[in-house]
Amino acid sequence: MNAHTSDFSLAVEGVNGYCPAGEAYAKQNIADKKIPVLSCEGPCIRGEIARLAANLVAQEVPSHARACHAETFFVPHSAMARWVREADRSIMIDGCFLKCHGRVLKKLIGEERMVHIDALPLHKKYSDVFLMDDVPEGEHKEVARQVADKIIAMLRNEQGR
Ligand code: SF4
């Protein structure tokens, strides 16, 4: 089995329109100079931990706010995409070493403007579980809390430098 894919590109169907709520939210974050925090997400438990941890980081670190990775990647004319493209830097929390969303973001904004975090080594759990529904919900939150605490400490450490 081939365990490698070289760089590749994918043509994506175009789109019309805006998400009104997303536009207002992203424009406010642009005005407030917030640092976007993006993540992957479930149904995989690793992605769900990343998503929950990203929410906590954005809620608890001043000047950070959650951004939608999908709108950023797939609606290039949106304010969400503009916010991420123009921010000084963005935080991407991926669920595992495959770093799916960060690999896209890296091409979009450049490696030097992103902090790319693999959440898996921060909790070292669930190597044999896929579905988030196979892990009790309380545990999702508990593990995400642990991951978020480590990321928050890292960001505060950076800010204090
Ligand atoms: S990095 Fe990719 S494979 Fe890993 S949890 Fe996220 S979406 Fe899933």
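Given the structure is predicted, the values throughout are model-derived calculations rather than measurements. Each ligand, and each atom within it, is numbered from 1 in the order the structure gives.
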Nearest-neighbour protein heavy atom for [atom], which is reported as residue plus atom name and distance:
{"atom": "atom 2 (Fe) of ligand 1", "answer": "Cys100 SG, 2.3 Å"}
{"atom": "atom 8 (Fe) of ligand 1", "answer": "Cys44 SG, 4.5 Å"}
{"atom": "atom 6 (Fe) of ligand 1", "answer": "Cys40 SG, 2.5 Å"}

Item to complete: Start with the C-alpha gap between Ile152 and Val57, add the side-chain angles, then the distance that decides, and say whether side chain to side chain contact (heavy atoms under 4.5 Å, CB included) holds.
Response: CA-CA 6 Å; Ile152 290 168; Val57 169; 4.0 Å; yes
Discussion item. I'd like to know if the side chain of Glu139 pairs up with that of Tyr126 as donor and acceptor (distance under 3.5 Å, no hydrogens or angles considered).
Written reply: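 Glu139 vs Tyr126: donor-acceptor pair found between side chains.
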Show which atoms of ligand 1 fall inside a sub-4.0 Å distance from at least one heavy-atom site of [X].
{"X": "Lys99", "value": "1 (S)"}
{"X": "Leu98", "value": "3 (S)"}
{"X": "Gly47", "value": "5 (S)"}

Fill in: Audit row: Asn29, Met80, side chain to side chain contact (heavy atoms under 4.5 Å, CB included) steps and yes/no
CA-CA 9 Å; Asn29 283 322; Met80 191 74 66; over 6 Å; no
Discussion item. Could you walk me through whether Lys125 and Ile49 satisfy the side chain to side chain contact (heavy atoms under 4.5 Å, CB included) test, starting with their C-alpha distance in whole Å, then the side-chain angles of each, then the deciding distance to 0.1 Å, before giving a yes or no?
Written reply: CA-CA 10 Å; Lys125 285 183 162 48; Ile49 297 294; over 6 Å; no
Discussion item. Please determine whether a side-chain nitrogen of the Lys or Arg among Glu142 and Arg145 lies less than 4.0 Å from a carboxylate oxygen of the Asp or Glu.
Written reply: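 Judged by the 4.0 Å cut-off on N to carboxylate O distance, Glu142 and Arg145 do not form a salt bridge.
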Worksheet entry | Metal proximity, His101 vs atom 6 (Fe) of ligand 1, N/O/S cut-off 2.8 Å |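 Checking His101: none of its N, O or S atoms is under 2.8 Å.
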Fill in: Val115 vs Ile151 side-chain heavy atoms within contact, under 4.5 Å
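Not touching, per the 4.5 Å side-chain cut-off.
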Item to complete: In sequence, state the C-alpha distance, the side-chain angles, and the governing distance for Ser78 and Glu23, and then conclude on side chain to side chain contact (heavy atoms under 4.5 Å, CB included).
Response: CA-CA 7 Å; Ser78 66; Glu23 287 299 293; 3.5 Å; yes
Discussion item. Closer than 2.8 Å to atom 4 (Fe) of ligand 1: does that hold for any N, O or S atom in Cys96?
Written reply: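 Here the distance criterion (N, O or S atom, under 2.8 Å) is met by Cys96, so yes.
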Worksheet item: Is there a heavy atom of Glu41 sitting under 4.0 angstrom from any atom of ligand 1?
Response: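 False for this residue.
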